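Have a look at the structure below before the remarks.
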Amino acid sequence: MELTWGLMIVIYLFTAGLSAGAMITSNLAFLYGGREFELVSRWGAYLSPFPISLGLGVLVLDLGSPLNFYQLFLTLELSSPMSYGSWIILFFTMLSFVYLYFWLPETYQRIGQTQQLGLWKKRLAKLMPVLSIAVASYTGLLLNAAVRPIWNAPLLPILFLISALSTGVAAVIMISNLGPWKRARHKELHVLTKADAGLIILECLIILIMIVMGRLSSASETMAFSSLLFGNYAWVFWLLIVGLGLIIPLFLELMELKDKIPVKWVWPVTISSSFLVLFGGFFVRYVITYAGQTSSWF
Amino acid sequence: MSKVYTWDQLFSRRQFIKGSVATAALGSAAGIGLLTPEANLGQGNSDQASVKGKKFVTTICEQCVWRCGVIARVEDGVVKMLEGNPNHPNNLGKLCPRGNAGIETLYSPDRIKFPLIRAGARGSGLWRRATWDEALSYTADQMKKIKDKYSAKAMMFNSTDNLSQPFFEILLKAYGTPNYGTQRSLCFNSMTTGFLYTYGTPQPGTDFSKCKYIIFTGRNLAEGISNSETQEMIEMVARGVKVVVLDPRFSKTASKATEWLSVRPGTDSAFFLAMIHVIIKEKLYDESFVNQYTKGFDELVTEVIDYTPEWAEKKCEISATTIRRIALDFAAAAPAAIAHPNWRTSNFVNSFQTERAIAVLNALMGNWAQPGGLIPDQELSTVKLGVLSHPAFPPAQGIRLDGVPWQYPMVPLAYGVIQTMRDNILTGKPYEAKGWLISRQNPVLSIPERQKTINALMKLDFVAVIDIQASDTAYYADVILPESYYLERFDGLIPIKNKIFIRQPVVEPLYDTKSSLMIYKELADKLGLGEFLPFKNEKDLLAQQLKPFSVELEVLQRVGHYEVQDFKEDHSKDFEFQTSSGKIEISSGIMAQMGKKAVPTWNEPPRPEKDHYYLLTGKTAQHTQMFTQNNRWLLEVFPENRAWLHTSVAAKIGVKTNDDVVLESEVGKVSIKAFVTEGIRPDCIFMVGGFGHVSKGLKAAYGLGASDSALHKTVTDPISGGSALSETFVTVSKA
Amino acid sequence: MTIRMGFVIITSRCIDCDACMVACRSENDVPLGHTRNWVKTSGVQGQFPKVSEMFQPGNCMHCDNPPCVAVCPTGASQKRPDGIIIVEDKKCIGCKYCLTACPYDARFSNSETGKADKCTLCLHRLEQGLKPACVQTCLGKSRQAGDLNDPGSVVSKLIAHYPTRILLKDVGTGPNIYYIDEAVPDIPEGK
């Protein structure tokens, strides 16, 4: 079939995952890291609402009848991941702005008392991981329900979740290292980098299992995965995703963790590896969205 | 009035009409709308009254020459849907893709909307709008000038088969010219003359419903759709009738057939002559029929002695075993065995002999007027319409420019040889042609060697074109008289057996156009020949045609057809053959008179030399000759023609499907996309005809695909006048 | 018995003329560049001169388990009690989820309305006692439509007499176009 869901949808899938990943990073850093991880937590909170807002904007524009989009919120169709997903995202996005507000310096907080806000901040930090996981993995369910080769891979929601976490962490690492403002401490970054490296390894594993499962499945599935491994999308898969998006950043991160990087290279390496993780995460969404549509059943 | 338009501006997208008509033209989809769950099917109580102004009008289609019955649904003045008329024998309630697409052309922005007179040099593409009075007066004046100065014969009158043709013929005869150009010689002259000189009937019918074994030679009913015949062919295949198709290409008919024989182009007569040989040798022919109704059998026996299946195998490349087997099975099915007369057959000079062999083969089976066999001419069984009374025609001044009968003694006058007419316009021999009136015809794209036709047009003093769209020929006209589209007009009534059918306007003309009936009438008036077409308007003419019958025109319009009561089919003359001997002429008296072989015989066809290929052309179900390529609905199902190349040929020149290739013949060169297939002989290249338009007024069709007429060289069979289109050989190379 | 509307398509009678495609476009005002139905070809199979070709018309299968209905987030895509699957324009937001979900590629995004669009089994014609436009015009009588649950219908009689196949059986959609490839000499009488 021709391409129905294109770049706009890929952007949405990527940014939703990114926001969810950044949010969880912030939540966990806040709940378990305490003071030492405050900066990371703050940056995560500041980042989270925006990618998904961009994604949603782009999504509404991609609709054939954008003015009709409110119809989504007049009903809940349980068989449709897009239906319950829209509700989940609605809550997530609204709450992510609230969460951001909680993290603003006190001088900017006009509404509410500091102590009250602190309490709600903690409560939200306990709720948001649930919503974040829902946001990150439902995108996989979205593709599952469309019954297409590759899209129907049962591990897709897990893959998207792991990828979301990975890109979220990487984004937080990148932002906390950039810019003239107060940079995160070495310990914070070290933990995050360790987490990200772990997530990348997990992601590689899941991709491997998905491919094996796909190739052992029906002929249509085998052919669809072939387009990824040897066919039209092979260069995206091997070069952009596996090479640039997984292996190289993993390598750089492992080097960093072993303190093998000379001091003056640490900063550019950190930025680069985080960027490459984001790059790879984008193309994972891209290749699955596109390859699933150019393949069909026979 | 003197604003000058270019061709481009006249057919600009911005010119289409606003309002509900345009909305319909753009095909706005309203979607399904909110449906209540209770809206179940088949309730039959749909709210018809709430639909404002819905009506049904019965008329006749004009998307090809088959003229199916159409029932048009009109809602609020807009034609919404065309469906087949179940009462019409030509289509029995079904419409082919072209019939369904008529609405698109009705509302096409590329219609000619008012009369045009050229405002620059001929072929410059500059036009000015004129009133009908001015345009017709101008036309009449020019025609009168030509008649006065050069005599009537200097004026050519061309029209392709259509419902108002009898009146066009009256006009040209009243004018006094002998020059009448139809498109027949580009189509099936070999078939019509072949059968005419055998049976005295140019085109007998075929009884598919009872037939048990049929052989088609190139006739491609699945793609050259003749609605009811195509339906019958599908039924035959479904019933398990043995269908054999001779075609160098695996056509869609071949895909449905029981057996496809990939005959070498131009050699079909070898196949049939060998069949006749076997049938005579094994005494499988209908001896009593042959003795009673035919003449020249003994001559045939002598002629076919050497036409053994082994001999034929070398010529047509169909195995001798196959030929023998088919001959035996075919004869076993007699008299319900038909060797179909076909249409263009194989388009070689020897196609006349192929048709003669086919005609004779049918005679040997004794299938004339038998169930499952050939059907004699139905003229006696068709009701006769009232005719116009008019003065006697003046004698035609001079001989015909197209060589009939002085160059082609055996070609019927009604068919002519259009390619020779065009050639002689160019050469100026035996006399100079000065004017050309072309109605519903596109010679620029239909006659081989397109450039020659354009040169011919450029040479003349005066060219007038009557057409509904800005055809390639209209581009070279001095005056364009726009005809109303078939959905907007009346035409002459059509009798079919005991029923009379009407073509009538489904909607009033959208633009400043007229029916050809009125164009001919008003032109005649201005030429001072009004008395030859004595009717005030279309309805008046139709009323005169209805005079012998007890039905009012209004009733006929309302019902769509009239069935004449107590009209008996007359088969009394079925076995009275209109030949010189009164019998079926296996040995043709006329051929003998002309000093030619009187029985069907083998004439060796030309072959392409090394690295050259036969160029085959043909039809596709979605288009009609060169008429429909601007229809956007039809372009959705068949967007452009491609050159069929056998896999080995494509591999040799390194192309795959949709790559551009160049086809080149002696006379021209075209660029076209390739279509690589196993379904064609490796020595053949095929392209659907009619594409490659050069008129910018056909916005969708302009430049689409390639034109076969740019490649075809003009080769004419001297006996039948048929244009041997397939005797053009081409080279192919990667673009 | 509930009504279950569907098609029987006899491929042996199809000559790939595409009249059904033009009739559908005309009847349903389908915009250029899209189509609600189609005729696919197997292409020329085999090696010259032993070749064959088969034609297969198709359109929305009005499935028993339609993925397009399951994924619709607003409930615009619905399966009616008579089995016909429709799109309620008012609710459709044009998200195109149903387009991706249909394994037969039967849907398209209507460029003029922005909504999901597809074969409606000419519901508006059925309500007037008329056949769908594609069935009405088919020269070879290849396309037949009707109530698959009514033993008196043409489609039921054909299915009872001839072996049939459905497309993508293993995907689990339960399509309601039944294909007959054998020659069918007579179309049975029926509703």
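Keep in mind that what you see is a predicted model, and the values were worked out from it rather than measured. Keep in mind that the numbers below use all heavy atoms, side chains included, and drop hydrogens, waters and symmetry copies. The chains referred to below are lettered A, B, ... by the order of the sequence lines, with proteins before strands, and numbering in each begins at 1.
- Interatomic distance, CG of A/Leu67 versus CD1 of C/Ile93, reported as 11.5 Å (0.5 Å rounding).
- The distance from atom CG of C/Leu167 to atom CH2 of A/Trp297, rounded to the nearest 0.5 Å, is 14.5 Å.
- Of the listed residues A/Asp62, A/Leu143, A/Val147, A/Leu76, the one with more heavy-atom pairs under 4.5 angstrom with chain C than any other is A/Asp62.
- At a 4.5 Å heavy-atom cutoff, A/Leu74 makes no contact with chain C through either its backbone or its side chain.
- The choice from A/Phe73, A/Phe69, A/Trp5, A/Trp151 that makes the most heavy-atom pairs within less than 4.5 Å of chain C is A/Trp5.
- With rounding to the nearest 0.5 angstrom, the OG atom of A/Ser220 is 9.0 Å from the CG atom of C/Asp170.
- Residue C/Cys92 comes nearest to A/Ser65 through the heavy atom pair O-CB, 3.8 Å, listed as atom of the first residue, atom of the second, then distance.
- Within 6.0 Å of the CE atom in A/Met223, the count of heavy atoms belonging to other residues, nucleotides or ligands does not exceed 12.
- Neither the backbone nor the side chain of A/Leu3 comes within less than 4.5 Å of any heavy atom in chain C.
- For CZ of C/Phe48, the number of neighbouring non-hydrogen atoms (other residues, nucleotides, ligands) closer than 6.0 Å is greater than 12.
- Without hydrogens or angle criteria, A/Asn68 side chain to C/Lys90 main chain gives a donor-acceptor distance under 3.5 Å.
- Of the two parts of C/Cys68, neither the backbone nor the side chain holds a non-hydrogen atom closer than 4.5 Å to a non-hydrogen atom of chain A.
- Looking at C/Leu168, only its side chain comes within 4.5 Å of chain A, counting heavy atoms on both sides.
- Tested against C/Pro73 for a side-chain contact (heavy atoms from CB on, under 4.5 Å), the candidates A/Met82, A/Glu77, A/Gln71 yield a single pass: A/Met82.
- Interface residue A/Leu142: backbone and side-chain heavy atoms are both found under 4.5 Å from chain C.
- Among C/Val71, C/Thr74, C/Thr100, the residue with the largest count of heavy-atom pairs under 4.5 Å with chain A is C/Thr100.
- Atom-to-atom distance recorded for A/Leu63:CG and C/Ser109:OG is 10.0 Å, nearest 0.5 angstrom.
- Taken from OH in C/Tyr97 to CD1 in A/Ile9, the straight-line distance is 10.5 Å, to the nearest 0.5 Å.
- Within 6.0 Å of NZ on C/Lys131 lie no more than 12 heavy atoms contributed by other residues, nucleotides or ligands.
- Proximity to chain A (any heavy atom under 4.5 Å) is restricted, for C/Cys72, to the backbone atoms N, CA, C and O.
- For chain C, the option among A/Ala146, A/Ala145, A/Ser218 with the highest count of heavy-atom pairs below 4.5 Å is A/Ala146.
- Here the straight-line distance linking atom CG of A/Leu72 with atom NZ of C/Lys91 works out to 12.5 Å at 0.5 Å rounding.
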